[in-house]
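Please read the structure below before turning to the comments.
The sequence lines fix the lettering, A, B, ..., with proteins before strands; numbering per chain opens at 1. All values below come from the heavy atoms of this structure, side chains included, with hydrogens, waters and symmetry mates left out. Source: prediction; values computed, not measured.
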Protein chains: 2
Amino acid sequence: MLLYQQIKQYITALIGNKERDVKLPSERQLLEKFHSSRITVREALFRLETEGLIYRQNRKGWFVSPARLRWNPIKKANYYQLAEEQGFIPQTRLLHIQDTVAPKVVCRAFEQDATDVCWEVFRVRSLDGRPVMLEEIFCQKQAFPNLYQKALEGSITALFSQEYNITISSEQSSITVTALPDDKAELLSLNAGAPCLKIIRQRFCQQNKLIDYNIEYWVHGAIEIEVKSH
Amino acid sequence: MLLYQQIKQYITALIGNKERDVKLPSERQLLEKFHSSRITVREALFRLETEGLIYRQNRKGWFVSPARLRWNPIKKANYYQLAEEQGFIPQTRLLHIQDTVAPKVVCRAFEQDATDVCWEVFRVRSLDGRPVMLEEIFCQKQAFPNLYQKALEGSITALFSQEYNITISSEQSSITVTALPDDKAELLSLNAGAPCLKIIRQRFCQQNKLIDYNIEYWVHGAIEIEVKSH
DNA sequence: CAGTGGTCTAGACCACGAT
DNA sequence: TCGTGGTCTAGACCACTGG
């Protein structure tokens, strides 16, 4: 068996005994234990990261991944409710809100001129204190006056409905795997280049007008998507 | 800017000019061009792989990824039809079919004793000659007599319906990101350890009895999942 | 401050692919 | 046979974390 596979196996066994979020031995400790080199140790760690069993925090170390949040994109479930049902403590943090000229894809989705202005809301969502998702929400400025004064750390859907009387009636998501971009990784205090799930959600009102365009980056080991059809 | 980022940028620009599936310069060529080392060159290549822009074939080299297949797990769409609509040439290859004692998870799903016997069908699906998905189908042997004699390279749904008069009426999928396991990677002539989408599909008849339990491994850069809800 | 991971070098040998 | 990627060594310096 290859050396990095042995190291992988050793760490996997370690994880079996550990609680969520526990720190693993440092790369140099592992290297000494296996009379190996950092390259090989890191090969093993990266594979486990891709499998979703462990995750990195920039320059802090490697940690055991907690259970995945099971999420159904069809049900218009509230993040807080969903997380609590599954035994997590959920949290949302507003990073910033600003008005901006939206990227071209977003403008096209709104069928508007590039000169029109959007709100851009950046939020981070956590489970048990661990950041698991970065969210970038675009919506038209003129449709949501004074949005920056509202409570943006809760459910956006509820806010749209209660404060602006706008109800979401349908939704379209696109799910791909990609690498966490550098700027997004920094905001999640994670490492760039790790795999992540990128979910683009477009939500529409009853008149089929686009209400918001959301780009979500999920730490890939933190989520499992469930879909049912009848 | 970091060296591996420069190399990434260079390759990204290269890709812009290339057709799908074109081979990239070898690692050693890139290394010389940037007066660098293989570690650094590979860092750049791995990140592009995670982003889905390029893929590896074991010991053959690195290639430019074609466009992604857009797939909607809700619509009970036929693979061939879907692929052709999007301009791909689809293909299915039967690797083998055997009767086997199913893994415990599968037995539990069928609510049967571990001693009961299942069919296990292994297939690889390709787009334009590139393997993109490995599929492992479990179904109960007594429900599908002589399955091994049937045409197993087409739609299983159609086969169930035409040959056994069994119709799928609902379906439940679970989607996660993980690493391609070694044995699966070999069957796809790809490299182990690359990210992949793992989709577990359970399909039920009108009486809500489980008909088949499918485990699919998708080359992550080859697929984009689309979900709509109303 | 010591310890961590992040980046990087300059090599090596091997199994396998294409020819 | 030669070139490819796959695995591996034994170092190095840096930025940042945590005490």
TODO: Could you pull out all residues at least two apart from A/Asn146 that satisfy side chain to side chain contact (heavy atoms under 4.5 Å, CB included)?
DONE: A/Tyr148, A/Gln149
Open item on the list: How many whole angstroms separate atom CD1 of B/Ile7 from atom C1' of C/dT7?
Closed with: 12 Å
Open item on the list: In the structure I gave you, are the side-chain heavy atoms of B/Leu69 and B/Gln86 within less than 4.5 Å of one another anywhere?
Closed with: yes
Task: B/Asn191 CG to C/dA15 P, straight-line distance once rounded to whole Å - done: 17 Å
Open item on the list: D/dT4, OP1 or OP2 - any side-chain N/O from B/Ser26 closer than 4.0 Å?
Closed with: yes
TODO: Taking only the side-chain nitrogens and oxygens of A/Tyr4, find out if one of them lies under 4.0 Å from OP1 or OP2 of D/dT7.
DONE: yes
Task: Whole angstrom value for the distance that separates C1' of C/dT4 from CG of A/Leu24 - done: 13 Å
- [ ] Please state how far atom CD in B/Glu43 lies from atom P in C/dG5, giving the value in whole angstrom units.
- [x] 16 Å
TODO: Report the distance from atom NZ of A/Lys23 to atom P of C/dG3, rounded to the nearest whole Å.
DONE: 13 Å
- [ ] Quickly work out the B/Leu190 CG to D/dG6 P distance and round it to whole Å.
- [x] 11 Å
Open item on the list: Check this for me: does any side-chain nitrogen of one of B/Arg125 and B/Glu216 sit under 4.0 Å from a carboxylate oxygen of the other?
Closed with: no
Task: Letter per nucleotide, 5' to 3', of nucleotides 9-19 of chain D [B base touched, S only sugar-phosphate touched, - untouched; heavy atoms, 4.0 Å] - done: BB-B--BSSS-
Task: Protein-nucleotide distance (A/Lys8, atom NZ; D/dT7, atom C1'), rounded to Å - done: 15 Å
- [ ] Report yes or no: do A/Trp119 and A/Gln98 form a side-chain donor-acceptor pair below 3.5 Å?
- [x] no
Open item on the list: Check A/Glu43 with A/Arg47, please: is the shortest side-chain N to carboxylate O separation under 4.0 Å?
Closed with: yes
TODO: Indicate, with a heavy-atom threshold strictly under 4.0 Å, whether A/Arg56 touches base, sugar-phosphate, or nothing.
DONE: sugar-phosphate
- [ ] Indicate, with yes or no, if the rings of A/Phe138 and A/Phe110 have centres closer together than 6.0 Å.
- [x] no
Task: Distance-only donor-acceptor check, side chains A/Arg203 and A/Thr157, under 3.5 Å - done: yes
Open item on the list: Without decimals, in angstroms, what is the distance between B/Gln57 CD and C/dA15 C1'?
Closed with: 17 Å
